[in-house]
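From a predicted model like this one, the values you see are computed outputs, not experimental measurements. Order of the sequence lines fixes the chain letters, A, B, ..., with proteins taken first and strands second; residue numbering starts at 1 for each chain.
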Amino acid sequence: MKYWLMKSEPEVFSIDDLAKSKNQTTFWDGVRNYQARNFMRDEMKIGDKVIFYHSNTEPPAAVGICEVVKEAYPDFTAFDPKSKYYDPKSKKENPTWFMVDIKLVKKFDRPVSLEEIKRNPKLKNMKLVQKGNRLSVMPITKEEFNEIVLMGNKNYK
DNA sequence: GCCAACGTTGGC
DNA sequence: GCCAACGTTGGC
């Protein structure tokens, strides 16, 4: 089993939106970066665990745990001219972009801010805290996953 | 195939 | 809202 961190802008789709979704499950649309796509398409498997992260907000923070419930399939928003994720180069017979489905496992008792993540020496190797990294889907280690989950517990510190 | 120009991400 | 960092595009 692998562990991941996935970023979403809460103004677009927050963990509370996920909590309100049918079966607390959503399709992860709009990934338009090849490296992130490759992770989703080639490596994400059912049962993989995901840290849900709020980006481009104040404060940026890890906010909960999700689980992959459907492996990669074509991102249909790329075929829809009305979608902001429309990409005319992606053809139905040979799709460029893929999505997975994720289900909410648990919203953290407390958000784990980027600042806290940066302060924690156990998390210093995460791509998230390395300068200039803009990946929206990234692999993390089991240890990093467990540490962030611990920090999200109301009894932490 | 190089690389300048451009667009996007996302912390601040 | 700014802008550094990065990815992509397209002229050559």
Side-chain angles (χ1 to χ4, degrees), chain A residues 2-21 26-44 48-66 68 72-102 104-141 143-152 156-157:
Chain A
K2 288 195 166 73
Y3 298 85
W4 306 94
L5 182 144
M6 295 171 89
K7 297 178 184 173
S8 181
E9 299 192 21
E11 311 303 317
V12 179
F13 191 84
S14 72
I15 195 160
D16 292 322
D17 293 326
L18 178 59
K20 282 180 284 191
S21 300
T26 192
F27 48 85
W28 202 266
D29 61 339
V31 169
R32 296 292 178 270
N33 168 284
Y34 288 100
Q35 205 181 347
R37 177 207 66 181
N38 291 347
F39 285 136
M40 285 202 300
R41 187 190 59 186
D42 304 335
E43 297 194 46
M44 271 194 191
D48 281 5
K49 296 291 191 289
V50 178
I51 297 284
F52 194 111
Y53 177 87
H54 282 168
S55 67
N56 209 2
T57 189
E58 188 50 47
V63 290
I65 306 167
C66 303
V68 176
Y73 59 106
D75 181 342
F76 53 81
T77 64
F79 309 135
D80 178 3
K82 292 193 291 291
S83 169
K84 68 170 182 162
Y85 300 127
Y86 179 55
D87 180 359
K89 294 193 296 302
S90 183
K91 305 295 182 192
K92 280 185 183 167
E93 58 276 15
N94 183 22
T96 308
W97 305 115
F98 290 79
M99 54 167 72
V100 296
D101 285 0
I102 64 160
L104 182 65
V105 173
K106 183 180 191 302
K107 183 180 169 179
F108 287 155
D109 299 330
R110 54 183 292 282
V112 180
S113 71
L114 179 61
E115 192 194 356
E116 278 183 273
I117 292 172
K118 283 181 170 169
R119 276 205 311 263
N120 187 330
K122 291 179 188 164
L123 302 176
K124 67 175 190 304
N125 291 325
M126 290 183 72
K127 286 189 178 70
L128 182 70
V129 301
Q130 287 163 12
K131 192 178 179 184
N133 201 294
R134 305 184 316 178
L135 259 189
S136 61
V137 176
M138 69 181 76
I140 61 177
T141 67
E143 290 73 24
E144 289 161 351
F145 178 89
N146 287 337
E147 182 68 15
I148 292 172
V149 170
L150 206 64
M151 293 166 80
Y156 184 73
K157 282 181 186 166

Residue pair A:Y85 / A:D80, side-chain donor-acceptor N/O under 3.5 Å: no

Please enumerate all residues that pass ring-ring contact (aromatic ring centres under 6.0 Å, His included) together with A:F79, with sequence neighbours excluded. none

When you match A:N56 and A:K131 each to their closest nucleotide on DNA chain C, which lands nearer the 5' end? A:N56

Hydrogens and angles aside, do A:R134 and A:S55 bring a side-chain donor and acceptor to less than 3.5 Å of each other? no

So A:K7 and A:N56, do their side chains get closer than 4.5 Å, heavy atoms only? no

Short side-chain to backbone donor-acceptor contact, A:D29 and A:D75, under 3.5 Å: no

Contact boundaries of DNA chain B with chain A (under 4.0 Å, heavy atoms), 5' to 3'? B:dG7 to B:dC12

